[in-house]
Protein chains: 2
Amino acid sequence: MVKVSDSLVTNTKVYLEIVKHLREMISADNLKSGDKIPSERELTERLNVGRSSVREALRALELLGLIETRRGEGTYIRDFRGNQLVQLLGTFILQDEKAKLDVIETKNLIEMDFLRLVLNRADEEQLLKLKSLVEADQLNDDQFFYQLIEMADNYLFSRIWLILKDYYNSLDIKNVEYNRNSFLMLIEALAAKDEKKTLYAYRQLRNLSILTDKY
Amino acid sequence: MVKVSDSLVTNTKVYLEIVKHLREMISADNLKSGDKIPSERELTERLNVGRSSVREALRALELLGLIETRRGEGTYIRDFRGNQLVQLLGTFILQDEKAKLDVIETKNLIEMDFLRLVLNRADEEQLLKLKSLVEADQLNDDQFFYQLIEMADNYLFSRIWLILKDYYNSLDIKNVEYNRNSFLMLIEALAAKDEKKTLYAYRQLRNLSILTDKY
DNA sequence: GTTATTTAGTGGTCAGACCACACCCATCTC
DNA sequence: GAGATGGGTGTGGTCTGACCACTAAATAAC
């Protein structure tokens, strides 16, 4: 029987003990995403604590994106690759406001980064598929880049970009006009695995100064 | 009077509404770290919800490191840097090998990005100062790059890097041996505003393949 | 066999009760 | 008067028990 209520001694909060216990349980039983964890009431009994404490722990882990909870069913471990931590911190921190330019710049930098990744990872087939979508005018700017970022095969990076994108859109700058030709040029450059040409196409797409080598 | 108990309608959980409300409150009242937020009982009344729901929200934010709570005193906003939560996530989540690789890759990409920024923004004085610090062996790897990222003058970007850095350190990979010469080479390349040389120095520092042009 | 219906289990929420602790301030002691 | 003492009050910490809403599986009805 595991005792958690050492809080009398350890002076640490019960809900933190529960978090710790869950962590141990997960690693001990080798639980993976999708697996179910014991119900709140069962944890209450097993750990000899109040249900409210169990819930505090679970809710905290839920907000962290580590578990997922379905009413009437139970609580499950979640697929946490590149979880929402950045998002949460972002929304809390970025209230700072002053940094519109930072957002734009950062988004541009990130986009150029994953263009470099795509340069080395995308196969021709993917690019052809993307090309056909563009030619059919099926994609807006965000969607176009989302396709690309998926090819970069870096989940964490894609999460960061998604956040930046949302943030960027919330700035309603809207100087971005849809430009199919720039898209096609980009794809072509990627297919040719030509970094210089790729970045050139990107700068043109984003109306960045092409002459200066700012970033 | 703010109503939160739209949960009947919105179907979102009460504690999430409270988190949201707190976020709004913080930005509306322009609260900063160290400031006090209303007591649990007051929030209970103001928002017309149960105290346990308020606590679920507060405990979640506490685990995230966004607030700090002192028994007998109250709850305070905290200086939120990446801190402990990253550690938590680290041990909790990052067993996934691919996720680890993503973290490493992303951190490298970000670092190269701000090297590019520094290339165009740092003045000689800053670089000289950095150089003297390095020569005196005053900086470890993280500190060295933190100095650099400050020169890049992009607050958002530095935030992202700080988080990634903590992530990275929680992986305890530790293949990075201190290398003063690489640091100096990097600084020299930056001072010369030579992008190619800069990135070359960086790759060497990080033991990245220099021949292939992976990223 | 198929379809309703019931039932048990689960998360979601609230209210109330204590406890432990920090702080303020009136009071007491010297 | 200065310092120590000790309640009072407010705050977080925890537990309990009671409902509600929902899901899924067992059961009943056809």
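Everything numeric in this text was worked out from a predicted model, so none of it was measured.
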Engineer: How close or far is atom P of C:dG11 from atom CG of A:L63, stated in whole angstroms?
Structural biologist: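 About 18 Å, once rounded to whole Å.
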
Engineer: Could you tell me the separation between the CD atom of A:E40 and the P atom of C:dG12, rounded to a whole number of Å?
Structural biologist: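 To the nearest whole Å, that distance equals 6 Å.
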
Engineer: Starting at atom CD of A:E42, determine the distance to atom P of C:dA8, rounded to an integer number of angstrom.
Structural biologist: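 Interatomic distance, CD of A:E42 to P of C:dA8: 19 Å.
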
Engineer: I need the CZ-C1' distance between B:R71 and C:dC18, as an integer number of Å.
Structural biologist: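 The distance from CZ of B:R71 to C1' of C:dC18 comes to 12 Å, rounded to the nearest Å.
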
Engineer: Expressed as a whole number of angstroms, how long is the span from B:Y76:OH to D:dT11:P?
Structural biologist: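 Rounded to the whole Å, the gap is 10 Å.
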
Engineer: Taking only side-chain nitrogens and oxygens of B:T75, does any of them come within less than 4.0 Å of OP1 or OP2 of D:dG12?
Structural biologist: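 The answer is yes; a side-chain N or O of B:T75 sits under 4.0 Å from OP1 or OP2.
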
Engineer: If you assign B:T44 and A:P38 each to the DNA chain C nucleotide with the nearest heavy atom, which residue ends up on the more 5' nucleotide?
Structural biologist: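 Nearest-nucleotide comparison on DNA chain C picks A:P38.
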
Engineer: Using only side-chain N and O atoms of A:R70, determine if any of them is under 4.0 Å from OP1 or OP2 of D:dC22.
Structural biologist: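 No, A:R70 has no side-chain N/O under 4.0 Å of OP1/OP2 on D:dC22.
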
Engineer: Does one side chain, of A:T75 or A:E40, offer a donor that lies under 3.5 Å from an acceptor on the other?
Structural biologist: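 The answer is no; no qualifying pair exists.
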
Engineer: Nearest whole Å is fine: how far is C:dT10 C1' from A:E73 CD?
Structural biologist: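 Atom-to-atom, A:E73 to C:dT10, this comes out as 9 Å.
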
Engineer: Reckon B:S53 has a side-chain N or O less than 4.0 Å from the OP1 or OP2 of C:dG12?
Structural biologist: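 No, B:S53 has no side-chain N/O under 4.0 Å of OP1/OP2 on C:dG12.
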
Engineer: To the nearest Å, give me how far apart CZ (A:R55) and C1' (C:dG11) are.
Structural biologist: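 Going from A:R55 (CZ) to C:dG11 (C1'), I get 6 Å.
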
Engineer: Of the options B:L133, B:L130, B:D141, which is the one that meets B:F183 in a side chain to side chain contact (heavy atoms under 4.5 Å, CB included)?
Structural biologist: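 So, applying the side chain to side chain contact (heavy atoms under 4.5 Å, CB included) to B:F183 and each of B:L133, B:L130, B:D141, only B:D141 qualifies.
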
Engineer: So does A:R51 get a side-chain nitrogen or oxygen closer than 4.0 Å to the phosphate oxygens (OP1/OP2) of D:dT14?
Structural biologist: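 No, because none of the side-chain N or O atoms of A:R51 sits under 4.0 Å from OP1 or OP2 of D:dT14.
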
Engineer: What is the distance, rounded to the nearest whole Å, between atom CD of B:E56 and atom C1' of D:dG13?
Structural biologist: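 Answer to the nearest Å: 14 Å.
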
Engineer: Scan B:S39 against the nucleic acid and name what it touches under 4.0 Å (heavy atoms): base, sugar-phosphate only, or nothing.
Structural biologist: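 Sugar-phosphate only.
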
Engineer: Side chain of B:V14, heavy atoms from C-beta onward: which of D:dG13, C:dC14, D:dC15 has the nearest atom to it?
Structural biologist: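 In terms of side-chain proximity for B:V14, the closest of D:dG13, C:dC14, D:dC15 is C:dC14.
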
